[in-house]
Amino acid sequence: MSSYPGESARRTLERARESVQKIHQAAIRHRDPNLHQLADEISEVALTLGHDAGPVQEWRACPVCGAEPGSHCLHKPGHEMVDGMHPERTRL
């Protein structure tokens, strides 16, 4: 066990991030958009409490190009991409 006081909180936050990703993965597997919505709500609550929800944008459908969760964004005329994704996809 670490003597660093923040280590336990860091491990707990990492477990929470992994759990949110597992919810998104289950949503993809079961093709259930409600599970994506629930995972997004959990991430929003975490943000309001001051915790980074982690990089979950790849688990969302893209509102610009319609890329399915877990897949890459597609180039669309008139829409810029940042790091291979439309910025709209990365916003909670």
Side-chain angles (χ1 to χ4, degrees):
M1 186 161 172
S2 173
S3 61
Y4 176 65
E7 186 65 22
S8 176
R10 187 195 60 76
R11 282 195 313 265
T12 301
L13 182 57
E14 188 58 35
R15 280 182 47 218
R17 286 179 183 158
E18 289 172 4
S19 296
V20 167
Q21 287 185 344
K22 286 178 183 178
I23 294 169
H24 281 297
Q25 290 169 345
I28 293 167
R29 189 171 48 255
H30 298 289
R31 298 179 185 263
D32 186 345
N34 293 321
L35 288 175
H36 284 297
Q37 181 60 38
L38 291 171
D40 285 346
E41 289 176 20
I42 293 168
S43 296
E44 287 176 18
V45 169
L47 285 173
T48 62
L49 294 173
H51 302 288
D52 178 11
V56 296
Q57 59 268 16
E58 62 266 19
W59 303 108
R60 293 192 185 102
C62 181
V64 174
C65 67
E68 293 293 321
S71 64
H72 297 286
C73 283
L74 306 170
H75 289 280
K76 294 287 259 188
H79 291 277
E80 87 175 59
M81 292 176 63
V82 177
D83 295 327
M85 287 191 190
H86 292 106
E88 294 86 348
R89 190 176 192 178
T90 64
R91 293 188 197 114
L92 277 179

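Nothing here was measured: the structure is a model prediction, and the numbers come from that model.
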Minimum heavy-atom distance I23-L35, with the two atoms named: CG2-O, 3.4 Å
Single-linkage hydrophobic cluster, 4.5 Å side-chain cutoff, M85 and V64 together: no
Test log, rule side-chain contact (heavy atoms from CB on, under 4.5 Å), inputs H51 and V45: CA-CA 9 Å; H51 302 288; V45 169; over 6 Å; no
Under the salt bridge (charged side-chain N to carboxylate O under 4.0 Å, His left out) test, residues paired with E14 that sit two or more places apart: R17
Spatial distance of atom CZ (R11) from atom CD (E7) [nearest 0.5 Å]: 5.0 Å
Shortest non-hydrogen separation from E68 to R89 and the atoms involved: O-NH2, 3.2 Å
Interatomic distance, H30 atom NE2 to Q25 atom CD [nearest 0.5 angstrom]: 11.0 Å
Side-chain cluster (under 4.5 Å, hydrophobic types only) that V82 belongs to, other residues: none
Distance-minimising heavy-atom pair for C65 and K76: CB-CG, 3.7 Å
Enclosure of H72 NE2 (heavy-atom neighbours >12, cutoff 6.0 Å): no
Rounded distance [0.5 Å steps], CD in E44 versus CD in Q37: 7.0 Å
Nearest heavy-atom neighbours spanning L74 and H86: O-CE1, 3.0 Å
Nearest non-hydrogen partners of A39 and H24, listed with the distance: CB-NE2, 3.3 Å
Nearest heavy-atom neighbours spanning A67 and C73: CB-CA, 4.0 Å
